[in-house]
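Shown next, in structure tokens, is the structure this report addresses.
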Protein chains: 2
Amino acid sequence: MYEKYVKLLKDHAIKVTSPRLEILKFLDEHHTHPNVEEIYSSLKKKHPSLSRTTVYNSLEILKKNRIVQSITISGSELRYDIQGGLHHHFLCNRCGAILDISIACPNMDRTVEGGHRVDEVQGYFKGICKNCQKKEKGWRTNG
Amino acid sequence: MYEKYVKLLKDHAIKVTSPRLEILKFLDEHHTHPNVEEIYSSLKKKHPSLSRTTVYNSLEILKKNRIVQSITISGSELRYDIQGGLHHHFLCNRCGAILDISIACPNMDRTVEGGHRVDEVQGYFKGICKNCQKKEKGWRTNG
DNA sequence: TACCAAATTGTAATAATTACAAAATAGGAT
DNA sequence: ATCCTATTTTGTAATTATTACAATTTGGTA
């Protein structure tokens with residue numbers, strides 16, 4: 001059940017603890033780019049002793065080890081993503097969903113830019129998602 | 001002195017007020033991507049009656065009219081930019097500077113992506129800036 | 001099994017932003 | 001020029017995300 005997450009932590013020489021395993025499992029099963037509150041309140045149900053601070057701490061160490069990445073697209077809170085592959089993100093200003101965007105981008109794997117050392121590249125798109133556009137059209141048609 | 005900002009506001013049918021003019025001027029003269037606090041405390045010196053809330057409100061209406069854009073790269077606060085041309089941003093994790101990156105990017109002027117309507121595209125690079133790398137090398141050499 | 005550094009927990013502080021109501025003001029009508 | 005009104009500014013009080021910190025607990029090793 002948790003073997004892959006145990007291995008992941010051991011491979012990075014990070015102590016294996018249940019909060020860490022649960023957070024990894026949650027992110028692996030929910031590719032919705034949840035914020036800390038969503039992760040915390042979901043895990044809290046099955047693990048009532050869980051502390052919000054632990055979620056912050058755990059995500060921080062996972063981030064330092066590049067196991068997860070944090071997304072600043074919303075501007076008000078960090079969102080977390082466990083996916084490895086290079087991809088961009090789209091934020092729907094209507095429903096708030098953050099979606100993965102697979103798009104060819106010549107700058108994504110850059111390590112130097114203008115003399116600066118690049119450790120992280122993120123591409124953000126913001127607008128109205130396909131689904132919300134569909135809803136809008138439906139309302140107009142029915143009106 | 002302020003004519004260009006007056007025109008800018010009138011062209012967008014926004015009321016011309018001194019806080020708005022001062023904020024525009026400040027952003028036009030400081031391409032450092034300041035946060036609200038920096039804008040506020042700087043303008044407060046010459047306009048003691050200025051309120052922080054006004055800075056928030058003004059930036060909000062300027063943003064709605066696409067006169068300024070907000071940058072979420074830092075993850076803890078919004079940074080503001082008045083520049084029109086399409087460009088990306090680099091955040092130095094050491095000194096905190098946010099620098100403009102002029103880089104060819106095929107996705108920057110995109111209006112549709114995967115069926116989603118795109119209103120805004122932002123490319124963020126994070127790492128260590130040229131200047132901070134230079135400092136590090138200097139320290140090592142002298143040590 | 002015992003130890004210790006590291007992790008977890010809970011509470012309290014901080015920082016950015018928003019909500020809201022009262023006073024002031026820009027810009028159009030008179 | 002004066003009046004009117006919707007909009008803006010202002011100040012204070014909330015709210016929200018995150019960090020600081022100290023006490024307790026625990027994973028991994030000897």
Fill in: 5' priority, DNA chain D, between Gly75(B) and His47(B) [closest heavy atom]
His47(B)

Worksheet item: When all nucleic acid strands are considered with a 4.0 Å heavy-atom cut-off, which category describes Asn57(A): base, sugar-phosphate, or nothing?
Response: base

Please state whether the phosphate of [N], meaning OP1 or OP2, lies under 4.0 angstrom from any side-chain nitrogen or oxygen of [X].
X        : N       : value
Arg52(B) : dG11(D) : no
Ser76(B) : dA17(D) : no
Ser51(B) : dT9(D)  : no

Practice prompt. State which of dT8(C), dT9(C), dT10(D) makes the closest approach to the side chain of Leu50(A).
Written response: dT9(C)

Worksheet item: Is the backbone N or O of Glu38(A) less than 3.5 Å from a side-chain atom of Ser42(A), with the two atoms forming a donor-acceptor pair by type?
Response: no

Item to complete: Give a yes or no on whether the backbone of Leu50(B) and the side-chain of Lys44(B) come within a donor-acceptor separation of less than 3.5 Å.
Response: yes

Discussion item. Should the side chain of Thr17(A) and the base of dG27(D) be counted as holding a donor-acceptor pair, with the cut-off at 3.5 Å?
Written reply: no

Worksheet item: Any donor-acceptor pair under 3.5 Å joining the side chain of Thr53(A) to the base of dT11(C)?
Response: yes

Fill in: Exercise: do Glu22(B) and Tyr2(B) side chains pair donor with acceptor under 3.5 Å
yes

Practice prompt. Give me the ring orientation class for His33(B) and His89(B): parallel if the planes are under 30° apart, tilted from 30 to 60°, perpendicular past 60°.
Written response: perpendicular

